[in-house]
Number of protein chains: 2
Amino acid sequence: MTVAERGPRERMVFSAAQLIRRDGVAATGMREVAAHAGAPRGSLQHYFPGGKEQLVNEAVDWAGRYAGRRVARFLAALPEPTPSGLFAEMVRQWTDEYETAGFARGCPVAAATVDCAESTASTREAAAAAFATWTEPVARALVDLGVPKERAGALATLMISAVEGAILLARAQQDVGPLTTVARELGPLLDAAVTRDD
Amino acid sequence: MTVAERGPRERMVFSAAQLIRRDGVAATGMREVAAHAGAPRGSLQHYFPGGKEQLVNEAVDWAGRYAGRRVARFLAALPEPTPSGLFAEMVRQWTDEYETAGFARGCPVAAATVDCAESTASTREAAAAAFATWTEPVARALVDLGVPKERAGALATLMISAVEGAILLARAQQDVGPLTTVARELGPLLDAAVTRDD
DNA sequence: CACTGGCTATGACAGCGGTCATAGTAGTGC
DNA sequence: GCACTACTATGACCGCTGTCATAGCCAGTG
């Protein structure tokens with residue numbers, strides 16, 4: 001989880017995402033991002049001539065792609081994949097982090113939405129795109145698992161809404177309870193949507 | 001929705017909540033709050049000697065109590081109250097706002113959590129308390145509607161998680177779809193938890 | 001050698017943030 | 001009239017922010 005090896009540009013985007021999901025967009029300074037990435041301050045204006053807005057948008061973008069990629073991994077890791085199993089894995093990613101690293105960090109896309117939805121149109125659009133690139137693989141996975149196409153999109157939206165909300169509650173009360181609760185309560189509903197047994 | 005009549009102190013707390021849920025905590029200035037409340041700047045340090053932290057905490061507190069109070073109203077407004085009906089009302093509060101006033105504003109408690117959970121302990125606790133004072137009436141309502149006590153708390157947590165997450169998605173993509181989706185998909189699950197038919 | 005282009009390194013600037021200090025006003029009780 | 005309290009009104013301060021400007025380094029290339 002420390003700074004990866006990649007190039008400085010990618011490191012800065014990654015660091016921005018980490019700091020944003022911890023402190024929010026407004027409280028995250030450009031200098032702080034550079035320092036966290038171990039990158040020179042001068043590189044900021046070189047790689048991100050669009051300024052903070054561009055950096056934030058790329059961080060949100062990166063987070064969306066990351067979340068989307070995870071879905072395939074979760075499916076591959078499950079011995080016998082089911083909708084509830086997928087959802088449990090999505091939730092477990094967060095309970096694991098909170099139990100091992102503490103409740104310092106939330107979802108960067110949520111932070112960007114809260115802080116910029118009204119003030120910065122391009123960031124709001126980036127957040128919407130990020131949610132979309134996260135929802136889409138989930139919906140597709142549900143279809144693969146036997147959920148009717150008409151229903152898959154709605155359930156994917158429900159899953160992501162529940163996870164995002166549970167992250168907020170869990171962070172606020174510093175307890176993974178809300179996360180495990182939504183996983184437990186939503187599991188049966190998700191599995192019941194499967195109309196074909198493989 | 002404009003500035004109410006109350007005293008200047010309460011107006012400032014209210015204005016703080018409104019600005020926070022629009023722009024986030026960090027981006028909301030004290031001077032801005034005073035101006036929005038039509039209150040003199042000097043009153044800030046008089047009523048809130050604890051500074052911004054105190055003001056934000058009281059705004060979060062106020063939001064929690066407001067949300068809690070709404071629950072009773074929703075129940076009273078329903079011709080024949082059911083868990084799904086209550087949830088639909090909770091969601092409708094947001095779809096109504098978004099359809100009439102646009103997607104400028106989100107939940108102030110969510111904003112406080114995202115912006116202050118790591119940086120300001122007292123605000124994180126205020127957010128946790130706010131979520132609690134919101135969850136508790138919902139859980140109690142579920143019990144009244146026939147949901148077993150052991151299950152009511154979990155379902156209340158699920159409801160609030162889903163609403164909070166759906167608010168994020170809806171704001172990001174400027175579409176009430178996620179809100180209506182979670183209401184539709186979660187309704188049957190909630191009603192199915194009723195074990196007694198009144 | 002010179003020259004170019006990618007990247008680094010600082011310094012300066014203007015703006016805004018929360019907070020403190022101080023002075024002023026309004027109203028009330030005596 | 002006076003004194004006291006509640007509240008208002010400004011102005012100043014310092015720290016931090018994002019951004020710009022400028023100069024330096026240091027390959028590669030011809």
Side-chain angles (χ1 to χ4, degrees), chain A residues 3-20 22-60 108 111-112 114-116 118-123 126, chain B residues 3-20 22-60 108 111-112 114-116 118-123 126:
Chain A
V3 174
E5 274 313 311
R6 322 290 161 68
R9 204 199 126 96
E10 191 171 346
R11 287 209 315 272
M12 284 191 279
V13 173
F14 178 81
S15 289
Q18 298 301 320
L19 294 175
I20 286 170
R22 191 187 66 186
D23 299 318
V25 172
T28 297
M30 299 283 274
R31 292 166 172 82
E32 193 185 358
V33 170
H36 183 273
R41 206 177 55 130
S43 298
L44 281 170
Q45 73 180 283
H46 184 255
Y47 289 114
F48 306 96
K52 186 176 188 177
E53 187 172 334
Q54 180 185 358
L55 177 59
V56 170
N57 292 356
E58 293 201 21
V60 170
V114 163
D115 280 351
C116 307
E118 181 58 14
S119 61
T120 316
S122 71
T123 302
Chain B
V3 175
E5 274 313 312
R6 322 289 160 70
R9 205 198 125 97
E10 190 171 346
R11 286 209 317 271
M12 284 190 276
V13 172
F14 177 82
S15 289
Q18 297 303 318
L19 294 174
I20 285 170
R22 190 187 65 187
D23 298 320
V25 173
T28 297
M30 298 283 275
R31 292 167 172 81
E32 194 184 359
V33 171
H36 183 273
R41 213 188 75 189
S43 299
L44 281 170
Q45 72 179 285
H46 183 255
Y47 290 114
F48 307 95
K52 186 176 189 179
E53 188 172 334
Q54 180 185 357
L55 177 58
V56 170
N57 292 357
E58 294 202 23
V60 169
V114 162
D115 279 350
C116 306
E118 180 58 13
S119 61
T120 316
S122 71
T123 303

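As the structure is a computational prediction, the values presented were derived from the model and not from experiment. Values below: every heavy atom of this structure, side chains too, minus hydrogens, waters and symmetry copies.
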Original post:
What is the per-nucleotide protein-contact pattern of nucleotides 11-28 of chain D, from the 5' end, where B denotes a base atom under 4.0 Å from a protein heavy atom, S denotes such proximity for sugar-phosphate atoms only, and - denotes neither?
Top reply: BB-----BBBB-------
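Residues B:M12 and B:V33 approach most closely at O-CG1, 3.5 Å, considering heavy atoms. Contact between B:V25 and B:C116 at its shortest, heavy atoms only, is CG1-SG, 3.8 Å. B:V13 and B:L55 make their closest contact through CA-CD1, 4.2 Å (heavy atoms, listed as atom of the first residue, atom of the second, distance).
Atom CD of A:E58 and atom CD of A:E10 lie 10.5 Å apart (nearest 0.5 Å).
The one candidate from B:R41, B:R22, B:K52 that meets the salt bridge (Lys or Arg N to Asp or Glu O under 4.0 Å) condition with B:E32 is B:R22.
Remark: C1' of C:dG6 and OH of A:Y47 are 8 Å apart, rounded to the nearest angstrom. Between A:M12 atom CE and C:dC7 atom P the separation is 10 Å, expressed in whole Å. The nearest whole Å value for the distance from the CZ atom in B:F48 to the C1' atom in D:dC7 is 14 Å. Separating the CG atom of B:L19 from the C1' atom of C:dG17 is a distance of 15 Å, rounded to the nearest angstrom.
Residues satisfying the side chain to side chain contact (heavy atoms under 4.5 Å, CB included) test with A:E53, not counting sequence neighbours, are A:N57, A:T120, A:S122, A:T123.
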